[in-house]
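Take a look at the structure set out below.
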Amino acid sequence: MLDAKDRRREEGSAFPGKTYAEVVLEPSYEQAKKELLRPMIAVSKAHLIMLYEQRLVNGPEAAIIAKALQELDLEKLENGRYTGEFEDLFFEVEHELAQIGGEPTGYLHLARSRNDMGIAIYRIVLRSKLLSVLNSALELQQRLIAFAEEHAETLMIGYTHTQQAQPTTLGHYIAAVSDSLSRDVRRLRAAYANCNRSSLGAAAMTTTGFAIDRERTAELLGFDGTIANAYDAVSGADYVLEIASSASLAAVNLGRFVQELLLWGTQEFAVVKVAAPYVQISSIMPQKRNPVSVEHLRSLLSSCVGDANTVLAMVHNTPFGDIVDTEDDLQPYAWRTLRTLDSSYRLLARIIETLEVDKDVLRRRAETSFATVTELADTLVRKEGLSFRTAHAIVATLVRAAIASGLSVRELTVEGLNAAAEDIVGRSLSLTADELREALDPEHFVRIRSIPGGPSPDELRRALADQEAARKQAEEWTERANAALASKLEMLDIILTERIRRANHPTGEAAARRA
């Protein structure tokens with residue numbers, strides 16, 4: 001073990017200390033060159049265009065800086081290693097620009113700070129990842145809606161408190177999962193809206209004395225507007241907290257459904273069968289079909305929640321100001337949260353579209369379960385004029401007696417019902433054997449529950465049509481947002497090239513300036 005003197009010698013006497021570089025700077029550099037480099041250059045291009053249009057940088061200077069930005073060897077930077085020569089990627093890029101363009105590139109930092117620039121870069125990265133997650137979520141919802149339509153008449157027992165409750169359909173159940181997913185989509189879209197605001201122009205925290213145009217840089221980069229208060233622009237971390245919270249909730253919601261799939265796939269339930277591409281065999285037990293893809297999904301979704309909670313915990317009790325806690329150490333956890341959720345949506349979509357369902361098993365269980373007796377109580381209210389509580393008591397007495405005698409729901413009789421009624425209301429009822437059979441029929445149970453939100457096939461198909469319309473609208477919005485961002489970023493180079501050409505031709509320079 002090295003003594004303190006040797007340790008100090010090994011660490012070095014100048015920035016960066018060896019351990020500091022290993023623990024903080026090198027990992028941040030690796031993340032930055034992978035995720036932040038190209039957004040960093042885009043921000044610089046937009047800033048340059050704005051400076052030129054505001055006459056804060058003249059034509060020849062703008063042309064030199066634009067040329068340097070366009071000639072920067074991004075591939076070299078992306079493949080580079082952290083050496084400690086520069087504090088981080090930002091200063092390395094600044095150095096490389098100066099090597100290409102010389103002194104004029106120093107004007108690029110006019111009226112901006114690493115504070116407002118860094119936040120803008122983080123927001124650009126996160127909004128892109130959010131759109132990818134939304135695309136995958138909406139594809140999964142499309143599969144869920146199609147699956148629900150296919151099983152609109154597939155009878156099954158619905159459970160409450162893990163106990164058999166009432167008949168429903170598999171389609172009704174899956175439509176509920178899809179509805180839940182649609183709320184997750186809305187939350188992610190709201191997170192996108194709050195994320196897609198520009199911090200540029202806030203500088204360190206108080207803006208600048210130069211006459212810059214904050215709205216112009218926001219427009220050039222595809223932001224929906226600016227963050228109004230400059231202090232908030234560099235201090236408020238809630239944009240990333242909202243993303244983490246929305247993703248965490250989405251992962252929790254999906255994880256509950258994934259757990260059900262695993263349960264339904266057991267031999268005891270024997271309801272669903274995961275397709276061959278998504279199962280693995282046992283190394284010792286020849287009969288095994290392990291649905292490990294679904295298990296991995298459950299694990300991935302839990303890790304998504306864990307990373308999201310890390311984001312929340314890292315910001316908790318930090319000062320309200322520009323601080324590194326919300327920057328290079330934090331952002332990768334948010335990226336990983338979204339990446340994991342995105343992957344989970346895509347994998348579950350593939351599993352759902354190939355899932356096999358044993359409709360006969362589900363129907364037999366529904367037909368032989370006492371889960372239908374709520375409708376028997378309802379029937380007594382309609383036909384006998386009893387209060388629901390009284391009807392409930394009669395049916396409960398009937399069911400208890402049947403179970404005690406070892407009878408199934410199919411063996412319930414009018415005589416038994418009348419005996420229960422005599423105990424509760426002191427008289428027999430007028431219900432016929434046919435009416436009793438209809439009241440205990442799970443298909444009848446489902447069919448007459450046709451009010452909005454019910455499992456009736458016709459009502460379910462109406463609800464699914466509404467879901468698909470909303471899903472399609474969200475999909476079109478996502479496609480437009482993706483296309484708009486891509487177009488804005490492509491336009492940066494077109495505008496820069498135009499500025500370079502006109503800046504080098506004095507007669508065209510005035511025309512090139514934005515009114």
Worksheet item: With a 4.5 Å heavy-atom cut-off, do Phe90 and Leu36 have their side chains touching?
Response: no
Discussion item. Once ring-ring contact (aromatic ring centres under 6.0 Å, His included) is applied, what residue pairs with a partner in residues 451-498 remain, sequence neighbours excluded?
Written reply: Tyr192-Trp477
Worksheet item: For Glu96 and Lys76, what are the C-alpha separation, side-chain angles and deciding distance, and is it a salt bridge (charged side-chain N to carboxylate O under 4.0 Å, His left out)?
Response: CA-CA 11 Å; Glu96 291 296 314; Lys76 172 191 168 185; 3.6 Å; yes
Item to complete: Could you list all the salt bridge (Lys or Arg N to Asp or Glu O under 4.0 Å) pairs where at least one residue sits in residues 175-198, not counting sequence neighbours?
Response: Asp184-Arg187
Discussion item. Between Thr478 and Asn135, does the side chain to side chain donor-acceptor pair (under 3.5 Å) criterion hold? Intermediate values first, please.
Written reply: CA-CA 7 Å; Thr478 305; Asn135 273 326; 4.9 Å; no
For residues 235-245, tabulate all N or O donor-acceptor pairs below 3.5 Å that involve a side-chain atom, not counting sequence neighbours.
| unit_1 | atom_1 | unit_2 | atom_2 | d |
| --- | --- | --- | --- | --- |
| Ser235 | OG | Tyr231 | O | 2.7 |
| Tyr239 | OH | Gln331 | NE2 | 3.2 |
| Glu242 | OE1 | Asn194 | ND2 | 2.8 |
| Glu242 | OE2 | Asn194 | ND2 | 3.3 |
| Ser245 | OG | Leu241 | O | 2.8 |

Discussion item. Looking at Phe210, I'd like to know if its CZ atom is crowded, meaning that more than 12 non-hydrogen atoms belonging to other residues, nucleotides or ligands lie closer than 6.0 Å.
Written reply: no
Practice prompt. Could I get the full list of side chain to side chain contact (heavy atoms under 4.5 Å, CB included) partners for Asp458, not counting sequence neighbours?
Written response: Ser456, Arg461
Fill in: side chain to side chain donor-acceptor pair (under 3.5 Å) partners for Glu78, two or more places apart
Arg38
Discussion item. Please check: side-chain N/O of Thr318 versus main-chain N/O of Val315, any donor-acceptor pairing under 3.5 Å?
Written reply: yes
Worksheet item: Would you find more than 12 non-hydrogen atoms of other residues, nucleotides or ligands less than 6.0 Å from Ile281 atom CD1?
Response: no
Fill in: Listed once per pair and sorted, the salt bridge (Lys or Arg N to Asp or Glu O under 4.0 Å) pairs that draw on residues 442-454, sequence neighbours left out
Arg363-Glu443, Glu375-Arg449, Asp378-Arg449
Discussion item. Under the criterion side chain to side chain contact (heavy atoms under 4.5 Å, CB included), I'd like the reasoning laid out for Leu51 against Ile65: C-alpha separation, chi angles, the key distance, then a yes or no.
Written reply: CA-CA 11 Å; Leu51 290 177; Ile65 300 168; over 6 Å; no
Worksheet item: What pairs with Glu327 under salt bridge (charged side-chain N to carboxylate O under 4.0 Å, His left out), at least two apart in sequence or on another chain?
Response: none
Item to complete: Could I get the full list of side chain to side chain donor-acceptor pair (under 3.5 Å) partners for Lys359, not counting sequence neighbours?
Response: none
Worksheet item: Should the pair Arg214 and Phe223 be classed as cation-pi, given the thresholds of under 6.0 Å to the six-membered ring centre and 45° from the axis?
Response: no
Worksheet entry | Counterpart residues, ring-ring contact (aromatic ring centres under 6.0 Å, His included), relative to His296 (two or more places apart) | none
Item to complete: Kindly check if the number of other-residue, nucleotide or ligand heavy atoms within 6.0 Å of CD (Gln287) is above 12?
Response: yes
Practice prompt. Tell me, please, which residues at least two apart from Ser44 pass side chain to side chain donor-acceptor pair (under 3.5 Å).
Written response: Arg112
Indicate every side-chain donor-acceptor pair of residues 256-264 with a distance under 3.5 Å to a residue at least two apart or in another chain.
| unit_1 | atom_1 | unit_2 | atom_2 | d |
| --- | --- | --- | --- | --- |
| Gln259 | OE1 | Arg298 | NH1 | 2.4 |
| Glu260 | OE2 | Tyr173 | OH | 3.1 |

Worksheet entry | Least distance between heavy atoms, Ile157 atom then Ala371 atom | CG2-CB, 4.3 Å
Worksheet item: Quick one: do the Gln70 and Asp493 side chains pair a donor with an acceptor below 3.5 Å?
Response: yes
Discussion item. Taking side chain to side chain donor-acceptor pair (under 3.5 Å) as the definition, give me every residue that meets it alongside Ser180, ordered by chain and number, with sequence neighbours left out.
Written reply: none
